[in-house]
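Each remark here refers to the structure printed beneath this line.
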Amino acid sequence: MKSYLLKRLFVMVPVLIGMTIIVFSIIHAIPGDPAETILGQKATEQSKEELREQLGLNNPWYQQYFTYLGDLLKGDLGQSIRTKVPIAQEIMPYLAATAELTIAAMAFAVFFGVNAGIISAWKQNSWFDYISMLVSLVGVSMPIFWLGLMEQWLFSLKLGWLPSIGRMDQRNPVEAVTHLYLIDSMLAGRWDQLWTVVKHLILPSVALGTIPMAIIARMTRSSMLEVMNSDYVRTAKAKGLSQFFVVYKHALKNAFIPVLTVIGLQTGALLGGAVLTETIFAWPGVGRYIYEAISSRDYPVIQSGILIIAFLFVMINLMVDLLYAAVDPRIRYR
Amino acid sequence: MKAKRWSSSLLLLMLGIIVALAGCSGGGSGSSEAQEPDTGQQAEGEVPASSAQDTLIVGRGGDSAALDPAIVTDGESLKIGHQVFDSLLEYKEGTTEIQGSLAESWDVSEDGLEYTFKLRQGVKFHDGTDFNADAVVFNFTRWSDPNSEYKFSGESFYYYDSMFGPEGSRVIKEVKALDEFTVVFTLNQPQGPFLQNLAMTSFGIASPTALQEKGENFKNEPVGTGPFVFKEWRRNDSITLEKNPEYWREGLPKLNRVIVRSIPDNSARFNALQSGEIDLMEDLSPDDLAVLESNPNLQKIERPSNNVGYLGFNLKKEPFNDPKVRLALSHAVNKQGIIDAFFAGQAVPAVNPIPPSMWGYNDSIQDYEYDLNKANQLLAEAGYPDGLPGEYVFYAMPVPRPYMPDGKKVAEVIQADFEKIGVKVTIESPEWATYLDEVREGEKDDMYMLGWTGDNGDPDNFLYTLLDKDAIPSNNYSYYASDELHEILIAAQRENDQDKRAELYEQAQVIIKADAPWVPIVHTTPLLAAQANVKGYVPAPTGSEYYYNIYFE
């Protein structure tokens, strides 16, 4: 297991370097004068020149790249042009907000997706199977934007059950320590706020989790169907084990590897890809942070933001790989 | 075997957590139905005196970039700066006329080179230090001295440089404290809009002590003399301001607390207003107007226009260097039709470059009516009886702007009308930064669309900034150079009497109308919406207004 882990870590190095190169080049391929976009129509030529100088935009590209790499190794992610605050400091609350939302959304997606998939496979061609596969088909094709607005309309406007935007009740806030508000409100012993924080989480995580849920459900179902027809499951059934035990214990174990892959990929995708959800629900996450940096040409933020997301993606994949190895011993020895 | 057990227990644990979460949420929706969501919590809550009705929650589209108004240019940042800081002068509520704020009165010398301000006494910064003449000098030194130690990493004072001239051509020569409450400004040359400029939010007076103590962090924790004290900033989420109990306007502000939230999506912001999560929202989409007006719990609020959206001709290109051709095309733009189709009526047709609410606006100028026959006739007089030869490139904004929500669609309408009089144009919309570059260079486009939002409520900020020959190549994208106009605009800059200046600007508009370097299209009136019980809110044309008069009925 240890050698497997080392091997995996070693493979990551070129991946990480490749990431920095790609991120760097994409940004520099964008046309237009960043100084102009940053400072706007009203800027003087002199202030634009100052800014170009300050950003090193006048240096040759390779020099800009190596400066960038050097800063990264020192843990310096640069300073935001728009807000003039160091990114490493600024990005933490955004990452926390995204983490909270992603975990809630994936929890929703995994719970409902996996169970729906299992039951559909178990009771193949039953009404439950048809309905859940129909729902997941709709789920995959549903525009998040629309789903989010409809949720707000129904649960917040019409029924008044849930708040439509934000992360907590702003009139009565909890001090932000970890910026994970679930934890912050527990730390402060504010159980009333914990409850509002949970309520604020429900609509966005359902909107965000719907697509992954649908994908997970379909993947689980097809993977389970394959396994359910295998010999060892038949044997288990023949031994007289209970259906539930056979399905959830024996069959699921082997069927779970492809599902795990999908879960990993989807989690990674949610990290940076939640812009729409974050926009509709006014969720101050990292997707919106980067998106807004793009519209204001905040180069350092775009670079570092994408890099961090990519890094987290790689880490999640690593974890998934390790989970494979844990679930299926054959992978470790290959 | 070990691995097996581990993985299955992990799975079970995961499921357990999820079930717990799901259980919570299920029960929750039922129980919260019984009690009113927000107010119910507060009654039992830990916040003592503040009931919901003295806290105003504002929803807006974007977050502040920084909270020090001197270093920012975006409206969202200035909006917060406006609550925390006072400038020497300010604009009267809902207008761009100036009145005293931290300065109670002022005198101008005969030659317009010396301004003496009497400052308000007994005003304190939020950190408890005194506001006085030294604080004014400190701030102006900070902005004008390129080596100031209070100009922190990455910062620059854009508005100081653009309103009072960049380093090397500063308008203000010296700022001196005559005594504790008298400040004298000496100028290098007279500047007509000088007082108008001083009233801008960007020139809010910051606490020198706080600047020294907080240093670089001042932009995150601003300290001024304004009606509200900065409390907390959760980026991209909310900014909390609290009442300044020592505010120099007696009895104000009426609110105890203002929370300004960033809700980027227009529909979501409107949903939040309807569900009562916010009390006031900026930038209502015209599409939602019908819903708003049918809801008796909400009210519509209009912000006076302070912008212009226009079609500009590139005078470097044939045949648009011919004023007759430009006049002909001016008759072929259906402004009212465009407004009805794309602005939901929330705009007025533009006749002149400056908005009608601004002083110096020339009411007597008649617009060129929309008349395609007349346009054809004028083209013929210009020597093009069969329309213009060839095809021309028409640049249309790729992004929505406050003065033009959908540039491309508007361009298509204009294109269709031009086609009818024999003028063929192709619309191009490169990405925004490229767009600005190329329109400025004036090589690729024959005509273009653009707009402007006023900074200081002075006609100079439109006419000189956009159409004077000095503004080539910075903001005069049309390459329009008129010596006659230049003389008038410079004379107006050097004049201190506002009535005389207004007269000069009225003349300037006549010249511009006759030369027609632009077809001014619209002045938009941005829409806001609020709960019906929100009173005392007067939006300003500049985009930043005080919240101190607001109260709940």
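Letters go in sequence order (proteins before strands), and every chain restarts at 1.
- In this structure, A:G166 and B:R261 approach most closely via the heavy-atom pair CA-NH2, 3.2 Å.
- The residue among B:N236, B:D265, B:I278 with the most heavy atom pairs within less than 4.5 Å of chain A is B:N236.
- Contact annotation for A:E175: only backbone heavy atoms (N, CA, C, O) come within less than 4.5 Å of a heavy atom of chain B.
- Minimum interatomic distance between B:D63 and A:R82 (heavy atoms only, all atoms of both residues): O-NH1, 3.9 Å.
- The two residues A:E90 and B:R235 have their closest heavy-atom pair at OE2-NH1, 3.3 Å.
- In this structure, A:Q152 contributes its side chain and B:N271 its backbone to no donor-acceptor pair below 3.5 Å.
- Rounding to the nearest 0.5 Å places CH2 of B:W233 at 6.5 Å from OG1 of A:T83.
- Between the CG atom in B:L273 and the CD1 atom in A:I165 there is a gap of 10.0 Å [rounded to 0.5 Å].
- At a 4.5 Å heavy-atom cutoff, the contact between B:I259 and chain A is made by side-chain atoms alone.
- For B:L67, no part lies under 4.5 angstrom from a heavy atom of chain A.
- Across every non-hydrogen atom of B:E277 and A:R171, the tightest pair is O-NH2, 4.4 Å.
- Contact annotation for A:E292: only side-chain heavy atoms (C-beta onward) come within less than 4.5 Å of a heavy atom of chain B.
- A distance-only check finds no donor-acceptor pair linking the side chain of B:R269 to the backbone of A:A282 [under 3.5 Å].
- Neither the backbone nor the side chain of A:P93 comes within contact range of chain B; no heavy atoms are under 4.5 Å apart.
- Between chain A and the residues B:S238, B:P430, B:A66, the largest count of heavy-atom pairs under 4.5 Å involves B:S238.
- Heavy atoms of B:N220 lying under 4.5 Å from chain A belong exclusively to its side chain.
- Scanning all heavy atoms of the two residues, the minimum distance from B:K219 to A:V85 falls at CE-CG2, 4.2 Å.
- In terms of non-hydrogen atom pairs under 4.5 Å with chain A, the most contact-rich of B:S64, B:S275, B:A65 is B:A65.
- Residue B:T465: no heavy atom, backbone or side chain, is found under 4.5 Å from chain A.
- Of the listed residues (A:F145, A:Y94, A:F281, A:F155), the one with the most heavy-atom contacts under 4.5 Å to chain B is A:Y94.
- Between A:R288 and B:P264, the shortest heavy-atom distance links the atoms NE-CG, 3.5 Å.
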